[in-house]
Visitor: 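Below is a structure I'd like to ask you about.
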Amino acid sequence: MNEKTILILGGGVGGLVAGNELRRLLPREHHIIVVEKNAQHAFAPSFLWLMTGDRKPERITRPVRELVRSGVEIVHAEARAIDVAKQQVETGARSLNYDYLIIALGTELAPEWIPGLTGAAHTFYTFEGAMKLHQALEAFTGGMIALAVCAMPYKCPGAPHEGAMLIADCFRKRGLREKVDIQMFTPEPQPMPVAGPVLGDMIKQMLQSKGISFHASHKLSAVNPQTRELTFEGKSPVKYDLLVAIPPHRAPSLVREAGLANEAGWVPVDRASLATKHENVYAIGDITAISIPGRWKPDVPMMLPKAGVFAHNHAEVVAHRIAAKINGRTPKEAFCGDGYCMLEAGEELAGFAYGNFFAEPSPQITLHKIGKTWHVGKVLFEKWWLAPFGLRRELLRLALRWGAKAKGIPVTV
Ligand SMILES: Cc1cc2nc3c(=O)[nH]c(=O)nc-3n(C[C@H](O)[C@H](O)[C@H](O)COP(=O)(O)OP(=O)(O)OC[C@H]3O[C@@H](n4cnc5c(N)ncnc54)[C@H](O)[C@@H]3O)c2cc1C
């Protein structure tokens, strides 16, 4: 057999799943290489529990090498340039040639896009940020906490709302809830606009029941750290005591430099196959631009949200398609737009949103009543994701599959 090299850029959610699935599907003569700049992997959904103090840093991180099957090569280096014509990637360590390329580089945060934001705001969108925010919340004894979503798109549309509810829960536990005013600001017209008005109203009610004010259509334009004041486009300024921000997101610049990105910097792909316009080059997860039915505002088309569940599903589809091609079969697997999200609400309770994002005329998403089950599901998923390959991981996978089947949810793990 003609040996092939599959090169995966980024060893986060999508890159790890793609590498492991390809190793499972392909004979050993084919090379699977993951280029990842960080030696440690941190599980992003648990940043919220790091912020609340429910997780220690070491419980939500693992060496990347422990999370891949044997036979997946990890190159710990920064990918610097992609040359699609030469089928070559320049990294900080060496040049790598490929037969198939999977781009799974995720997003970067760009707080500098909002004047005054850098240094003024905390964030739970990074590992270090969540640890620092935990300390700031511990030291906070009263006043106004502003939680600002700065720009669209951002990853995990549920996370800012979860963050607000978990912050409220921290102060409830400390008996300080009455002294802390929590206000959420977002440029979106409602919570999770992609999921439609009914679900948006349900999330608004969840926030209200926790005493959190929700301010839609508030686009942050500047922060004054001296006066602790937020400026919004076309709205009155707002004073805060502690600022928590979801900074603007951007795609890593090397995809733009390689001519793979659209004007906004994201990589457009065929929504079913995740193929880019270049032969044997795929992009998966947060770095992609996938338009979906429906409109965010009358003039703005909706995009598939950036979420780990999609990165995971994309990775499986692409791994199967590449393996089929190498094995001389016609690839059949397609991404169908299904997704789900467990929405932490505090007090060890969570809601569960599930649906199809390709449904016409707009995504069909259902929010199940909050309960303990969904919280336990999220904890189990965390344990499964961070377990090294072996019996424990397999048992956790079976438990998750059994739980999902009992609830009638087609969860892939
Ligand atoms: C607080 C928080 C909560 C979340 N909760 C959920 C949730 O409950 N459910 C859900 O589905 N999603 C959730 N997400 C979103 C989820 O984490 C992301 O959507 C998911 O990680 C995207 O996977 P990805 O593979 O596209 O990118 P990532 O997982 O971000 O992986 C990208 C990888 O590429 C590496 N990289 C970047 N540039 C380079 C380079 N030049 N060279 C080498 N390596 C590079 C990065 O180090 C990283 O490891 C949450 C995110 C946050 C921040």
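Because the structure is predicted, anything quoted here is derived from the model rather than measured. Just so you know, ligand 1 is whichever comes first in the structure, and atom 1 is the first atom listed for that ligand.
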Visitor: With a cut-off of 4.0 Å, which atoms of ligand 1 are near a heavy atom of N38?
Guide: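 Selected atoms, number and element: 47 (O).
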Visitor: Salt-bridged, K210 to E347, with N to O below 4.0 Å?
Guide: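 Between E347 and K210 there is a salt bridge, with a charged N closer than 4.0 Å to a carboxylate O.
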Visitor: When you look for heavy atoms under 4.0 Å from ligand 1, do you find them on the side chain of V13, its backbone, both, or neither?
Guide: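 Both backbone and side chain.
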Visitor: I'd like to check which ligand 1 atoms, numbered from 1 as shown, lie under 4.0 Å from a non-hydrogen atom of F124.
Guide: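 Under 4.0 Å from F124, ligand 1 has these atoms: 1 (C).
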Visitor: Report the part of E108 (side chain from C-beta onward, or backbone N, CA, C, O) that has a heavy atom under 4.0 Å from ligand 1; answer both or neither where that applies.
Guide: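 It is neither; nothing of E108 touches ligand 1.
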Visitor: Y282 ring centre to R321 NZ or CZ under 6.0 Å, with the angle to the axis within 45°?
Guide: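 No, R321 does not sit over the ring of Y282.
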Visitor: Which residue holds the protein heavy atom closest to atom 42 (N) of ligand 1, what is that atom called, and what is the gap in Å?
Guide: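 That would be A79 N, 2.8 Å.
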Visitor: May I ask you to check if ligand 1 and K378 share an N or O to N or O distance below 3.5 Å?
Guide: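 N/O-N/O distance below 3.5 Å exists for this pair.
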Visitor: What residue and atom, counting heavy atoms only, is the protein's closest point to atom 31 (O) of ligand 1, and at what distance?
Guide: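 Looking only at protein heavy atoms, the one closest to atom 31 (O) of ligand 1 is G12 CA, 3.2 Å.
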Visitor: Relative to ligand 1, is A77 under 4.0 angstrom through side chain, backbone, both or neither, heavy atoms considered?
Guide: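 Backbone only.
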Visitor: Pairs in or reaching into residues 104-127: which pass salt bridge (charged side-chain N to carboxylate O under 4.0 Å, His left out), with residues at least two apart or in two chains?
Guide: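 Sorted result for residues 104-127: E108-R250, E112-R250.
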Visitor: Between Y340 and ligand 1, does any nitrogen or oxygen pair lie at a separation below 3.5 Å?
Guide: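 The answer is no, given that Y340 and ligand 1 share no N or O pair closer than 3.5 Å.
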Visitor: Examine E36 against ligand 1 and note whether any of their N/O atoms are separated by less than 3.5 Å.
Guide: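 Yes.
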Visitor: Report yes if G14 has an N/O atom closer than 3.5 Å to an N/O atom of ligand 1; otherwise report no.
Guide: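 Between G14 and ligand 1, an N or O pair is found under 3.5 Å apart.
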Visitor: Applying side chain to side chain contact (heavy atoms under 4.5 Å, CB included) to H76 and V64, what does each step give before you reach the verdict?
Guide: CA-CA 9 Å; H76 277 305; V64 175; 4.0 Å; yes
Visitor: Any pair with a residue in residues 124-149 that passes salt bridge (charged side-chain N to carboxylate O under 4.0 Å, His left out), sequence neighbours left out, goes on the list, sorted by first then second residue, please.
Guide: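 Sorted result for residues 124-149: empty, none.
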Visitor: Working note: K204 + D201, criterion side chain to side chain contact (heavy atoms under 4.5 Å, CB included); need CA distance, chi angles, decisive distance, verdict.
Guide: CA-CA 5 Å; K204 254 196 238 169; D201 280 346; 4.0 Å; yes
Visitor: Just need the protein heavy atom nearest to atom 39 (C) of ligand 1, so name the residue and atom and give the distance.
Guide: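 The closest heavy atom on the protein side is L105 CD2, 3.4 Å.
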Visitor: H249 and W266: side-chain donor and acceptor closer than 3.5 Å?
Guide: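 There is no such pair (donor and acceptor under 3.5 Å, judged by atom type) between the side chains of H249 and W266.
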Visitor: Which protein heavy atom lies closest to atom 34 (O) of ligand 1, and at what distance to 0.1 Å?
Guide: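 Atom 34 (O) of ligand 1 sits closest to the protein heavy atom G10 CA, 3.4 Å.
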Visitor: Considering only the protein, which heavy-atom contact is closest to atom 32 (C) of ligand 1, and what is its distance?
Guide: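 Looking only at protein heavy atoms, the one closest to atom 32 (C) of ligand 1 is A104 O, 3.4 Å.
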Visitor: Under 4.0 Å, heavy atoms only, figure out whether ligand 1 is touched by the backbone of A307, its side chain, both or neither.
Guide: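 A307 to ligand 1: contacts from backbone and side chain alike.
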Visitor: Give yes or no for whether the N/O distance cutoff of 3.5 Å, strictly under, is met between M342 and ligand 1.
Guide: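 N/O-N/O distance under 3.5 Å: no.
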Visitor: Stepwise, does the side chain to side chain contact (heavy atoms under 4.5 Å, CB included) test hold for L147 with F124?
Guide: CA-CA 11 Å; L147 194 158; F124 51 83; 4.1 Å; yes
Visitor: Answer with yes or no whether the side chains of E73 and H31 bring together a donor and an acceptor at under 3.5 Å.
Guide: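 No, no side-chain donor-acceptor contact under 3.5 Å.
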Visitor: Considering only heavy atoms, which of V35, V17, D286, L48 lies nearest to atom 19 (O) of ligand 1?
Guide: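 When every heavy atom of V35, V17, D286, L48 is considered, D286 comes closest to atom 19 (O) of ligand 1.
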Visitor: Indicate the ring-plane relationship of H215 and F185, choosing parallel, tilted or perpendicular according to the 30° and 60° boundaries.
Guide: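 The rings of H215 and F185 lie parallel, inter-plane angle below 30°.
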Visitor: R177 side chain to V180 main-chain N or O, any donor-acceptor pair under 3.5 Å?
Guide: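 Yes.
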Visitor: Minimum distance, heavy atoms only, to atom 6 (C) of ligand 1: which one of A81, A311, C156 is it?
Guide: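 Comparing heavy atoms across A81, A311, C156, the nearest one to atom 6 (C) of ligand 1 lies in C156.
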Visitor: Would you mind checking which non-hydrogen protein atom is closest to atom 17 (O) of ligand 1, with the distance to 0.1 Å?
Guide: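 Ranking protein heavy atoms by distance from atom 17 (O) of ligand 1, first comes A44 CB, 3.4 Å.
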Visitor: Would you indicate which of G106, A130, S253, G129 comes nearest to atom 30 (O) of ligand 1 when only heavy atoms are counted?
Guide: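 Looking at heavy atoms only, the winner is G106.
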Visitor: Is there a heavy atom of H41 sitting under 4.0 angstrom from any atom of ligand 1?
Guide: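 It does not, in that no heavy atom of H41 comes within the 4.0 Å cut-off of ligand 1.
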Visitor: Out of P160, G308, A350, G339, who gets a non-hydrogen atom closest to atom 15 (C) of ligand 1?
Guide: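 Looking at heavy atoms only, G308 sits closest to atom 15 (C) of ligand 1.
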Visitor: I'd like to check Q87 versus L7 (side-chain heavy atoms, cut-off strictly below 4.5 Å). Are they in contact?
Guide: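 When only atoms from C-beta onward are counted, L7 and Q87 do not touch, as no gap falls below 4.5 Å.
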Visitor: Should we count NZ of K239 as having more than 12 external heavy atoms under 6.0 Å?
Guide: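 Yes, the 6.0 Å shell around NZ holds more than 12 heavy atoms from other groups.
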Visitor: Suppose we measure from atom 44 (N) of ligand 1 to each protein heavy atom; which comes out shortest, and what is that distance?
Guide: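 That would be K37 N, 3.2 Å.
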Visitor: For ligand 1, which atoms, with element, lie under 4.0 Å from some heavy atom of G285?
Guide: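 So the atoms of ligand 1 that pass are 26 (O).
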